[in-house]
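Each ligand, and each atom within it, is numbered from 1 in the order the structure gives. Nothing fancy with the numbering, it's 1 onward along the sequence. Because only heavy atoms are used, hydrogens play no part in the values below, and waters and symmetry mates are left out as well, while side chains stay in.
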Amino acid sequence: MLRSAEVGDTYQLFNPQAYLQNNYMPPRANFENEDCVVPWKLRCFASSFSTGEIHGHTLLDIGSGPTLYQVISACNFFNRIVMSDYLEVNREELRKWLRRDPGAFDWSPYIKYVCGLDGKRDHWEDTERRLRETIQEVCHCDIMQANPLHPKVLNPVDAISTTFCLESVCPDKKSLEEALANISSLLKPGGFLLMIGALNESYYLAGEVKLSVIPLDEDYVKETVSRSGYRICTFKTYNMPPDLNIGVDDVCAVFYLQAQKI
Ligand SMILES: Nc1ncnc2c1ncn2[C@@H]1O[C@@H](CSCCNC[C@@H]2Cc3ccc([N+](=O)[O-])cc3CN2)[C@@H](O)[C@H]1O
């Protein structure tokens with residue numbers, strides 16, 4: 001079992017472009033098929049925001065990686081979104097999109113799909129503009145630290161989103177539970193946690209590197225989040241269809257969780 005320092009070392013080989021290719025291009029990002037995993041993830045976030053119950057000044061996304069699909073629905077409900085990741089290569093991938101770098105990943109199919117859910121596909125460029133205005137920071141984070149944003153000090157935020165981070169970063173369940181507590185310290189009481197994660201995954205590829213994942217099951221996730229001081233509002237599971245098992249990982253299912261900090 002790797003120690004957290006060793007996990008950090010293996011992440012030095014993480015390749016954002018390969019990761020994006022593996023998970024955020026077809027076949028996993030097929031917007032023609034409503035049963036595909038990426039549309040399912042986008043619908044989960046859109047559904048959480050559709051009630052209007054989740055809103056506020058700041059949403060913090062923890063372990064963003066090189067992706068921002070996870071905050072498209074949120075951008076109309078917060079004044080400020082802070083993205084964060086451990087690796088500079090991932091933070092730079094996000095900044096490339098923010099400054100309209102021609103080499104940036106194209107998130108427009110994602111923005112169009114989310115706008116389409118509200119019948120506003122024709123206004124997707126307004127949402128893209130709003131997204132760039134709302135994502136106001138891209139900072140370093142390390143969920144193994146008591147203050148994951150150290151040395152930055154952020155007032156407790158209204159909502160935290162995190163996707164595929166805890167189970168991929170922590171070397172064991174004890175450190176996962178500690179990391180969740182670290183993340184939770186950044187969230188206001190009454191604030192919302194929106195989490196996507198992998199179930200029963202043991203590894204994934206991101207270019208030349210094979211990274212370990214803690215295999216989680218639904219019951220463990222629900223128990224751990226509840227024990228961390230949350231009321232679970234929503235828990236959904238997507239079982240990976242065989243055609244989406246493309247050799248980049250051994251993920252069996254993906255979960256979506258909305259929880260409120262007690
Ligand atoms: N100490 C740390 N603190 C915070 N973040 C850290 C730390 N160390 C690394 N990181 C940061 O955390 C990482 C987050 S990406 C983790 C990938 N997880 C596995 C992968 C994801 C995935 C995606 C999509 C789908 N699908 O079916 O659509 C399935 C799957 C399942 N496989 C990475 O950004 C790293 O840079």
Side-chain angles (χ1 to χ4, degrees), residues 2-31 33 35-45 60-70 83-94 110 138-150 160-171 175-176 178-180 182-183 186 195-207 209-216 237-256:
L2 290 176
R3 298 188 314 279
S4 59
E6 292 166 314
V7 172
D9 292 344
T10 56
Y11 265 102
Q12 298 313 309
L13 298 171
F14 182 96
N15 177 332
Q17 283 70 34
Y19 179 71
L20 289 165
Q21 176 71 39
N22 293 347
N23 295 292
Y24 296 100
M25 300 289 284
R28 288 186 170 182
N30 175 2
F31 295 96
N33 174 6
D35 296 333
C36 191
V37 61
V38 162
W40 178 86
K41 295 195 285 185
L42 294 172
R43 290 197 303 272
C44 286
F45 282 113
L60 168 64
D61 186 66
I62 289 280
S64 307
T67 71
L68 53 82
Y69 72 92
Q70 60 269 32
M83 308 295 283
S84 68
D85 196 76
Y86 183 74
L87 295 176
E88 174 58 22
V89 288
N90 285 335
R91 299 193 298 267
E92 181 57 18
E93 199 62 38
L94 295 173
Y110 290 71
V138 182
C139 58
H140 176 269
C141 78
D142 180 354
I143 61 173
M144 312 310 282
Q145 304 301 318
N147 170 14
L149 300 183
H150 176 79
I160 288 179
S161 53
T162 187
T163 55
F164 298 114
C165 185
L166 284 165
E167 70 275 11
S168 297
V169 166
C170 300
S175 57
L176 185 150
E178 290 168 0
L180 181 54
N182 296 339
I183 292 168
L186 302 172
M195 185 186 297
I196 284 185
L199 293 178
N200 295 313
E201 179 179 42
S202 69
Y203 80 91
Y204 76 102
L205 307 179
V209 68
K210 178 177 182 180
L211 292 145
S212 296
V213 183
I214 305 174
L216 305 178
T237 299
Y238 174 94
N239 293 310
M240 290 295 281
D243 63 312
L244 295 186
N245 282 321
I246 53 178
V248 299
D249 53 41
D250 62 350
V251 63
C252 295
V254 175
F255 71 84
Y256 178 80

> Under 4.0 angstrom from ligand 1, any heavy atom of Lys41?
Replying inline: yes

> Would Gln145 count as a contact of ligand 1 if the rule is a heavy atom under 4.0 Å away?
Replying inline: no

>> Please compare Asp85, Val213, Thr10 and report which has the shortest non-hydrogen distance to atom 34 (O) of ligand 1.
In response: Asp85

Validation: residues 35-42 side-chain donor-acceptor distances under 3.5 Å, sequence neighbours left out:
unit_1 : atom_1 : unit_2 : atom_2 : d
Lys41  : NZ     : Tyr24  : OH     : 3.1
Lys41  : NZ     : Tyr69  : OH     : 3.3

> Considering only heavy atoms of Gly65, which atoms of ligand 1 have at least one such atom less than 4.0 Å away?
Replying inline: 34 (O)

>> Only heavy atoms of Cys141, strictly under 4.0 Å: list the atoms of ligand 1 that pass.
In response: 3 (N), 4 (C)

> With a 4.5 Å heavy-atom cut-off, do Asp250 and Pro215 have their side chains touching?
Replying inline: no

> Between Phe164 and ligand 1, which residue portion shows a heavy-atom distance shorter than 4.0 Å: side chain, backbone, both, or neither?
Replying inline: both

> Counting only N and O atoms by type, is there a donor-acceptor contact under 3.5 Å from the side chain of Asn23 to the main-chain atoms of Tyr19?
Replying inline: yes

>> Out of all atoms in ligand 1, which are within 4.0 Å of some heavy atom of Asp249? Include the element for each.
In response: 30 (C), 31 (C), 32 (N)

>> Heavy atoms only: which of Leu199, Val37, Val169, Ile196 lies closest to atom 26 (N) of ligand 1?
In response: Val37

> Would you say the side chain of Ser64 lies within less than 4.5 Å of the side chain of Glu93, judging by non-hydrogen atoms?
Replying inline: no

>> Suppose I only count heavy atoms of Met240 and a 4.0 Å limit; which atoms of ligand 1 are within that range?
In response: 27 (O)

>> If we ignore hydrogens and angles and just use 3.5 Å, is the side chain of Asp85 paired with the main-chain N or O of Arg91 as donor and acceptor?
In response: no

> Do any heavy atoms of Asp142 fall under 4.0 Å from ligand 1?
Replying inline: yes

>> Checking Leu216 against Leu176 for the side-chain contact (heavy atoms from CB on, under 4.5 Å) test, could you report, in this order, the C-alpha distance in whole Å, the side-chain angles of both residues, the deciding distance, and whether it holds?
In response: CA-CA 11 Å; Leu216 305 178; Leu176 185 150; 4.1 Å; yes

> Among Tyr19, Tyr69, Tyr11, Tyr86, which residue places a heavy atom closest to atom 13 (C) of ligand 1?
Replying inline: Tyr11

>> Between Val248 and Tyr204, is there a side-chain heavy-atom distance shorter than 4.5 Å?
In response: no

>> Ring centres under 6.0 Å, that's the criterion: do Tyr256 and Phe45 meet it?
In response: yes

>> With side-chain contact (heavy atoms from CB on, under 4.5 Å) as the criterion, how do Val209 and Asn15 come out once you've worked through the C-alpha distance, each side chain's angles and the decisive distance to 0.1 Å?
In response: CA-CA 8 Å; Val209 68; Asn15 177 332; over 6 Å; no

> If you measure from each non-hydrogen atom of Glu201 to ligand 1, which part falls under 4.0 Å: side chain, backbone, both or neither?
Replying inline: side chain

>> If the cut-off is 4.0 Å to any non-hydrogen atom of Tyr24, which atoms of ligand 1 fall inside it?
In response: 23 (C), 24 (C)

> Val38: heavy atom below 4.0 Å from ligand 1, yes or no?
Replying inline: no

> Does the pair Asp61 and Ser161 meet the rule for a side-chain hydrogen bond (donor to acceptor under 3.5 Å, both in side chains), with working shown?
Replying inline: CA-CA 5 Å; Asp61 186 66; Ser161 53; 2.6 Å; yes

>> Would Ile143 count as being in polar contact with ligand 1, using the rule that some N or O on each side must be under 3.5 angstrom apart?
In response: yes

> Side chains of Leu149 and Leu60: does their closest heavy-atom pair fall under 4.5 Å?
Replying inline: yes

>> Within ligand 1, which atoms have a heavy atom of Asn90 less than 4.0 Å away?
In response: 33 (C), 34 (O), 36 (O)

> Can you list the atoms of ligand 1 that are under 4.0 Å from a heavy atom of Ser168?
Replying inline: 16 (C), 17 (C), 18 (N), 19 (C)

